[in-house]
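Note sheet for the following structure.
All ligand and atom numbering here is 1-based and tracks the order in the structure.
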Amino acid sequence: MNGELVVVDDVPGSFASRVTEAFAHRSTPGFSMALSGGDTARRCYERLAGEGADTVDWWQVDVYWGDERCVPLDDVDSNYRLAREALLDRVGAANATWPMRCDEGADPYQLRVGELGRFDVVHLGLGPDGHTASLFPESAALDAAEGRLVVLNDDPLARNPHPRMTLTFEGISRSRLVIITAEGATKAEALARVAADDLTAPASRVTSDRVIWLVDADAAALL
Ligand code: 6PG
């Protein structure tokens with residue numbers, strides 16, 4: 001398994017602590033963070049908005065996304081909207097937000113991420129099918145060309161809605177810290193596959209300078 005597995009009672013609270021710790025120990029001015037989608041992410045961002053309010057100077061934070069559904073940014077399924085509701089509208093304003101815009105194609109985001117160099121934090125979730133970001137099993141993005149950091153992608157098995165834009169594994173790897181959160185029994189099988197280095201579970205292929213898995217006991221039940 002790539003990274004450190006940490007089983008906790010409170011995944012959202014532990015996530016908020018790890019992010020505020022990373023911010024406090026940042027090695028460069030500013031702080032760049034790529035956000036995830038999903039219900040776990042929503043819970044994590046609501047906690048971060050509360051607990052990070054005093055320890056994270058959001059005026060120094062550049063907010064990116066690790067993936068996005070190709071829907072309008074105000075669509076109920078948009079990861080941008082999720083982050084606005086759960087975090088950004090609660091903390092006031094970030095230094096910059098960089099939403100993924102499918103209508104522009106992946107190249108502008110590719111250039112932006114390339115210019116950034118490294119994310120301070122990339123937050124990812126884990127799907128029951130073993131996906132992370134929008135890197136779905138058997139999808140084209142799993143075999144993105146070397147140098148591609150951002151691509152458009154779909155779920156060929158149609159288990160996840162909407163066309164997507166996503167960081168590739170290479171894009172994710174350009175980070176000082178990746179935090180992957182997973183809660184609940186529905187993630188137990190996928191997490192067991194990751195722990196067994198089953199590469200058919202895309203999340204098994206996540207690497208970066210440091211990878212931390214924050215999971216609860218139900219998600220870890222098969223380990
Ligand atoms: C997305 C997410 C996706 C998510 C997982 C877990 O756009 O849907 O980026 O990768 O993190 O599917 O989602 P849940 O926390 O809702 O199970």
Side-chain angles (χ1 to χ4, degrees), residues 3 8 10-16 18-19 33-48 63-87 98-102 106 109 113 119 121-139 141-142 144 150-169 171-172 175 178-194 201-206 208 211-216 218-221:
V8 296
D10 177 8
V11 169
S14 298
F15 170 82
R18 293 282 184 164
V19 171
M33 182 173 179
L35 303 181
S36 174
D39 296 334
T40 309
R42 182 183 293 277
R43 292 190 290 273
C44 289
Y45 301 154
E46 289 170 347
R47 288 292 289 279
L48 179 59
V63 179
Y64 295 78
W65 276 260
D67 73 323
E68 182 58 283
R69 292 87 178 278
C70 295
V71 296
L73 294 182
D74 61 356
D75 187 288
V76 67
D77 284 344
S78 163
N79 291 345
Y80 173 81
R81 174 172 166 174
L82 183 157
R84 287 226 67 93
E85 291 173 346
L87 177 61
W98 301 91
M100 287 180 162
R101 299 179 186 276
C102 293
Y109 222 84
V113 173
F119 293 104
V121 173
V122 172
H123 178 213
L124 299 173
L126 176 67
D129 59 3
H131 82 259
T132 192
S134 288
L135 299 169
F136 302 115
E138 303 179 39
S139 68
L142 303 185
V150 183
V151 293
L152 297 174
N153 200 37
D154 298 304
D155 177 0
L157 305 179
R159 291 178 291 193
N160 298 274
H162 307 300
R164 306 291 185 99
M165 188 181 297
T166 185
L167 294 179
T168 61
F169 291 118
I172 290 169
S175 53
V178 168
I179 303 173
I180 310 174
T181 51
E183 290 182 294
T186 63
K187 308 300 174 71
E189 181 183 344
L191 190 60
R193 291 171 61 203
V194 171
S204 301
R205 296 173 55 188
V206 167
S208 87
V211 178
I212 296 176
W213 290 79
L214 292 180
V215 307
D216 67 3
D218 288 339

- prompt: When Thr181 is tested against each of Thr40, Val8, Leu126 for side-chain contact (heavy atoms from CB on, under 4.5 Å), which residue passes?
  reply: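 Of Thr40, Val8, Leu126, side-chain contact (heavy atoms from CB on, under 4.5 Å) with Thr181 is met by Thr40 alone.
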Mark the output for [X] as yes if a heavy-atom distance to ligand 1 is under 4.0 Å, and as no if none is.
X: Arg69; value: yes
X: Glu183; value: no
X: Glu68; value: no

Which protein non-hydrogen atom lies closest to [atom], naming both residue and atom, and how far is it?
atom: atom 4 (C) of ligand 1; answer: Gly37 O, 3.5 Å
atom: atom 17 (O) of ligand 1; answer: Lys187 NZ, 2.6 Å
atom: atom 16 (O) of ligand 1; answer: Asp39 N, 2.8 Å
atom: atom 6 (C) of ligand 1; answer: Leu126 O, 3.5 Å
atom: atom 13 (O) of ligand 1; answer: Gly38 CA, 3.8 Å
atom: atom 5 (C) of ligand 1; answer: His131 NE2, 3.6 Å
atom: atom 15 (O) of ligand 1; answer: Thr40 OG1, 2.7 Å

field: Residues which pass ring-ring contact (aromatic ring centres under 6.0 Å, His included) with His123, listed by chain and number, not counting sequence neighbours
entry: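 ring-ring contact (aromatic ring centres under 6.0 Å, His included) list for His123, sorted by chain: Phe15, Tyr45.
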Keeping the roles fixed (side chain from [X], backbone from [Y]), state whether a donor-acceptor pair exists under 3.5 Å.
X: Arg84; Y: Asp74; value: no
X: Lys187; Y: Gly127; value: no
X: Arg164; Y: Pro161; value: yes
X: Trp213; Y: Ile179; value: no

task: Any atoms of ligand 1 less than 4.0 Å from a non-hydrogen atom of Gly125? List them with their elements.
output: 11 (O)
- line: Logged contact type for Asp67 with ligand 1, heavy-atom cut-off 4.0 Å, is side chain
Proximity to ligand 1 by part of Asn79, non-hydrogen separation under 4.0 Å: side chain
Among Asn153, Thr166, Asp154, the one residue meeting side-chain hydrogen bond (donor to acceptor under 3.5 Å, both in side chains) with Ser139: Asn153
- request: Answer yes or no: does an N/O atom from Arg164 fall short of 3.5 Å to an N/O atom of ligand 1?
  value: yes
query: Would you say Ala133 has any N or O atom under 3.5 Å from an N or O of ligand 1, going by distance alone?
result: yes
message: Applying salt bridge (charged side-chain N to carboxylate O under 4.0 Å, His left out) to Arg101 and Glu68, what does each step give before you reach the verdict?
response: CA-CA 8 Å; Arg101 299 179 186 276; Glu68 182 58 283; over 6 Å; no
- prompt: For the residue pair Trp98 and Tyr109, is the inter-centroid distance of their aromatic rings smaller than 6.0 Å?
  reply: no
task: Give the intermediate values and the outcome of salt bridge (charged side-chain N to carboxylate O under 4.0 Å, His left out) for residues Glu85 and Arg81.
output: CA-CA 6 Å; Glu85 291 173 346; Arg81 174 172 166 174; 2.6 Å; yes
